[in-house]
Amino acid sequence: MSAHSLPEHEAVWHSLEVNEAVELLGGNADTGLTSQEVDSRLQKFGTNELEESGGRGSWEILVDQFKNIMLLMLIAVAIISGVIDLLALQSGNLEPGEVPFKDTIAILAIVILNGILGYLQESRAEKALAALKKLSSPNVRVIRNGKLIDVEGKNLVPGDIMLLEAGVQVAADGRLIEQSNLQIRESALTGEAEAVNKRVETELPEETSLGDRINLVFQGTEVVQGRGKVLVTRTGMKTELGKIAEMLQSVETEDTPLQQRMTQLGNVLVSGSLALVALVIIIGLLRGGNLQELVEVSLSMAVAVVPEGLPAVITVTLALGTQRMVRHNALIRKLPAVETLGSVTTICSDKTGTLTQNKMVVQSVCTSQNILKVTGEGYAPDGDFEVDGQSIYVEDYPEVTPLLVPCAVCNDAVLQQEKGDWIILGDPTEGALVTLAGKAGIEQDQWNSKLPRVGEFPFSSERKRMSVICQVEQIDTGVSVIRDVDPAIGNLVKNNENYLMFTKGSPELILQRCTQIFAGNSAVELNQEQRGKILAENERMAGDGLRVLGFAYKPLSEQPPENSEEQYEQELVWLGLVGMLDAPRPEVRAAVNESREAGIRPVMITGDHQLTAKAIAKDLGIANSSDRVLIGQELQRMSDAELEKNVDDVSIYARVSPEHKLRIVQALQRCDKFVAMTGDGVNDAPALKQADIGIAMGITGTDVSKEASDMVLLDDNFATIVSATKEGRVVYTNIRRFIKYILGSNIGEVITIAAAPILLPMGGVPLSPLQILWMNLVTDGLPALALAVEPPEPDVMKRPPFSPKESIFARGLGWYMIRIGIIFAIITIILMNWAYFYTRPENAVAEGLDPERWKTMVFTTLCIAQMGHAIAIRSNNQLTIEINPFSNPYLLAAVVLTTILQLMLVYVPPLRAFFGTHVISLPELGICMGFSALMFVWVELEKIFFRIIGKKNV
Ligand code: ATP
């Protein structure tokens with residue numbers, strides 16, 4: 001059936017039989033759609049994407065910008081200033097040449113501009129975060145053109161055959177074709193937390209409610225357990241989830257801790273400035289000052305105290321931080337993680353794939369009779385089996401093939417050759433086993449049809465094992481069905497059983513469930529001595545850092561029902577051990593070292609054997625020989641209080657289950673640790689949510705774990721966590737740096753303005769609101785933006801982490817701001833005092849310059865002094881001459897540009913008229929520059945002083 005004759009109407013899929021459904025959609029359950037068919041269906045049905053709604057609409061984001069108390073205060077200033085101008089206009093008191101309502105218009109323009117900028121930035125940040133989330137959005141495994149491939153979820157079309165496994169988030173609605181133990185959590189749709197057992201065979205009445213349609217799967221729901229094969233029936237907005245898309249909470253827009261603190265800071269600044277304004281007016285009036293002048297001073301102070309540029313700089317810094325992190329393969333899903341990453345004290349990491357390469361190669365096979373060495377590299381099924389250094393034929397060792405057959409069939413991975421390279425689809429541990437079987441000529445496809453799988457008890461990290469139930473081959477001769485057992489496994493079904501169960505998993509666990517051992521050609525009783533030998537061999541392999549799996553089988557005369565694993569995975573027959581090497585990632589050693597120097601403790605948490613874990617941990621420098629390993633079973637017995645006593649010393653947890661991870665995080669957090677935790681499985685989600693920074697694996701992680709995480713490692717690599725931590729520290733340091741820079745200047749401005757009416761007779765207001773806005777936004781804003789991209793200081797990873805709870809003003813920042821603000825004010829006030837008297841009419845007339853130009857000198861000094869401050873503040877401890885001036889070219893550019901702009905305000909007539917400045921002579925400009933330079937000198941002297949007294953600023 002071609003795409004164009006597909007039913008336009010919506011079929012009631014749950015009331016159809018599977019074949020009917022497949023036929024209706026012109027699909028093929030075995031080979032899937034062809035590429036041409038997919039293309040034409042994409043044209044017809046569109047991509048499988050939800051139009052995101054929900055979250056904040058554009059209008060809401062815009063309105064939110066004006067809810068900020070500082071902007072409200074500016075609006076009030078604009079109105080009052082407008083009223084004053086109006087009164088002046090009415091009474092004809094306007095000064096000659098003065099444009100009425102200039103300040104009002106300028107302030108309102110800034111308020112609107114600030115709102116629009118904030119809006120643009122926030123909506124861009126939301127879009128960027130949404131795009132980042134999409135980057136981590138799942139691929140889907142489908143059958144197309146008769147082959148198994150992974151495609152992007154958005155390219156699914158109705159009629160596709162999609163495969164589901166534990167941990168996957170279902171990418172479209174569909175009708176089940178096959179399933180095994182499939183359980184799906186549908187809380188996203190139904191609100192029901194319990195997972196639903198799915199069934200293929202049922203045809204349900206049309207009126208069946210959504211939650212009871214057990215033969216369908218729905219987009220956005222999560223596979224908790226089992227596997228399934230699904231015919232995609234609906235995609236995009238046609239899915240059940242699409243229908244309720246408005247209810248979707250799309251991108252989460254949490255304020256970062258910093259943004260919250262900034263809101264608080266806003267409140268403090270606004271109330272502080274109102275108090276100060278009241279004080280200045282009262283004192284002024286008591287001293288017989290002019291009310292209008294005092295009101296003007298107050299308005300200027302109110303504008304000066306608000307750091308108008310700060311919110312924008314913070315947003316940009318966080319956004320740039322996420323971009324830099326993604327370039328280093330760390331994808332931030334929740335913005336607060338950017339600034340809190342630097343506070344991590346403990347990184348709890350999985351072993352497999354994060355610390356190791358997850359490229360498994362089987363090295364050793366151990367049966368009841370022999371230990372075989374296996375050669376070969378990668379996943380290519382080329383290599384030899386050796387006994388005592390001699391190559392052997394596997395066929396000569398009758399107990400080896402029965403061990404290698406389950407390697408191929410008790411397995412969900414697929415080995416494929418792509419452009420000459422052998423690659424695996426699925427779990428690398430399983431891939432290595434398919435390769436191992438291939439080396440002995442045991443082809444997976446062939447054996448899957450000889451021993452077709454009729455049931456399974458799936459793997460989970462808790463069970464640490466899996467079983468498949470295979471039917472022993474039946475041949476339909478056309479006359480009758482005869483049983484034809486391959487001689488290689490004939491010995492396993494000596495009593496003519498029709499089914500064989502193969503089990504593989506953690507050797508100790510499998511061995512516990514064995515009562516017999518396969519020895520050559522039959523199963524014999526397993527005695528204590530043999531058990532001891534097997535365990536010793538397991539420990540020997542694990543001690544070499546190998547990941548070891550145990551194999552067993554059980555002949556069955558009937559097919560076990562679903563969920564009967566406890567009953568059937570007993571009294572097994574032991575087959576042997578397989579040990580595979582998963583080499584540590586070479587870059588991790590250096591990363592472990594770096595994290596230690598940075599006061600961050602790496603901890604390994606693995607489901608693997610304690611000796612394997614220890615060998616790898618030792619190799620990587622995470623632990624040394626004397627370090628204790630805490631095993632899942634011990635942990636299980638410990639109370640929370642006992643665990644709390646241990647978490648500080650233990651750096652290796654082995655044979656743990658996902659629920660233990662949650663307890664470990666909680667215990668660490670109770671000991672005041674700030675914990676980053678990795679995870680990949682469905683059941684890791686609670687631990688990832690609990691951790692301060694939950695980290696999911698980009699390559700091997702399940703969709704569910706990604707959904708629960710704050711950050712996704714695109715390369716699954718431990719070293720990436722460490723580099724993201726470093727980036728987090730840099731972001732936080734830079735944020736503190738420009739906050740110091742901006743607020744120090746605000747304090748200086750406020751004090752200078754407040755001092756003017758007190759110190760200068762008939763002085764008036766040195767700075768107009770417009771000029772203050774210019775300083776706060778442009779002359780402070782541009783260098784602050786450049787400081788946000790300041791490269792890391794050399795010691796950023798040589799110091800312990802700072803508490804995430806510390807106030808932004810901690811470690812001397814608040815004191816620095818006040819101190820610098822006062823120095824800034826003293827320098828400017830001295831200049832103001834001198835300039836005021838120097839520019840009095842008698843001097844001014846002589847030079848033909850405006851007597852009011854002392855105000856422009858104050859304005860210029862405040863701006864230029866900040867340029868020196870920006871250069872000096874680049875480092876807390878290094879002197880400016882010790883830093884490469886070109887290591888932050890943006891700052892150089894910002895300083896030059898800002899200085900030019902400032903001079904233009906004084907020397908370009910239209911700008912001068914608009915900003916109300918006056919020409920100053922070159923010597924006067926030189927004096928302003930000289931005073932400005934004092935600021936730079938002061939900050940440098942402070943660094944020298946702190947160096948002498950041996951105090952390091954951080
Ligand atoms: P990590 O937690 O560091 O990733 P891990 O991969 O060993 O370590 P799990 O995937 O939870 O952790 O596996 C736990 C144990 O289960 C393994 O050590 C192994 O003994 C067993 N195991 C792993 N994969 C399979 C599998 N596909 N089939 C059967 N048993 C398995």
Side-chain angles (χ1 to χ4, degrees), residues 165-167 227 347-360 362 406-414 424 426-434 436 456-468 502-513 538 541-542 545-552 565 569 575 577-580 582 584-585 588 602-617 620 622 629 631-632 652-661 664 677-684 687-688 695-697 699-702 705 713 716-718:
E165 58 183 17
R227 294 188 305 124
I347 304 177
C348 297
S349 170
D350 286 342
K351 171 180 70 70
T352 312
T354 316
L355 297 168
T356 64
Q357 300 181 11
N358 213 3
K359 290 194 186 129
M360 312 268 177
V362 173
C407 286
V409 298
C410 184
N411 201 315
D412 293 323
V414 180
I424 47 148
D427 178 10
T429 304
E430 301 209 324
L433 296 173
V434 184
L436 172 72
E456 64 190 275
F457 300 128
F459 171 77
S460 77
S461 293
E462 285 91 352
R463 279 168 35 79
K464 299 190 174 50
R465 61 179 184 276
M466 71 176 275
S467 300
V468 296
F502 291 114
T503 305
K504 75 175 196 298
S506 144
E508 317 90 276
L509 284 177
I510 304 281
L511 191 63
Q512 269 175 11
R513 290 167 184 265
N538 177 31
M541 287 194 200
L546 296 188
R547 178 175 176 80
V548 194
L549 288 186
F551 284 79
E565 56 266 35
E569 285 175 340
L575 281 167
L577 294 166
V578 172
M580 55 192 86
D582 178 17
R585 287 176 179 268
V588 166
V603 173
M604 177 194 278
I605 304 186
T606 176
D608 218 335
H609 191 275
Q610 54 275 27
L611 292 176
T612 314
K614 192 158 186 180
I616 306 239
L620 291 173
I622 292 177
V629 181
I631 303 168
I652 309 172
Y653 298 85
R655 286 284 185 237
V656 293
S657 303
E659 86 248 19
H660 296 145
K661 283 185 163 183
I664 297 170
M677 159 79 86
T678 70
D680 48 11
V682 201
N683 302 337
D684 287 336
L688 294 187
I695 305 172
M697 299 295 133
I699 305 171
T700 58
T702 53
S705 63
L713 297 183
D716 288 12
N717 191 343
F718 177 85

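Start at 1 and go down the list; that is how both ligands and their atoms are numbered.
Between the side chains of S657 and E462, not a single donor N or O lies within less than 3.5 Å of an accepting N or O. Side-chain contact of T700 with D716: a donor-acceptor pair under 3.5 Å is present, judged by distance alone.
Residues that satisfy the side-chain contact (heavy atoms from CB on, under 4.5 Å) test with I424, not counting sequence neighbours, are Y379, L415, P428. Looking at residues two or more places apart in sequence or on another chain, you find a side-chain contact (heavy atoms from CB on, under 4.5 Å) between V414 and L148, Q416, L425. Remark: K351 engages D608 in a salt bridge (Lys or Arg N to Asp or Glu O under 4.0 Å) (not counting sequence neighbours).
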F551 and T503: CA distance, side-chain angles, deciding distance, side chain to side chain contact (heavy atoms under 4.5 Å, CB included) verdict: CA-CA 6 Å; F551 284 79; T503 305; over 6 Å; no

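Protein residues having a heavy atom under 4.0 Å from any atom of ligand 1 are D350, K351, T352, D427, E430, F459, S461, K464, M466, K504, G505, S506, R547, L549, I605, T606, G607, D608, R655, listed by chain and number.
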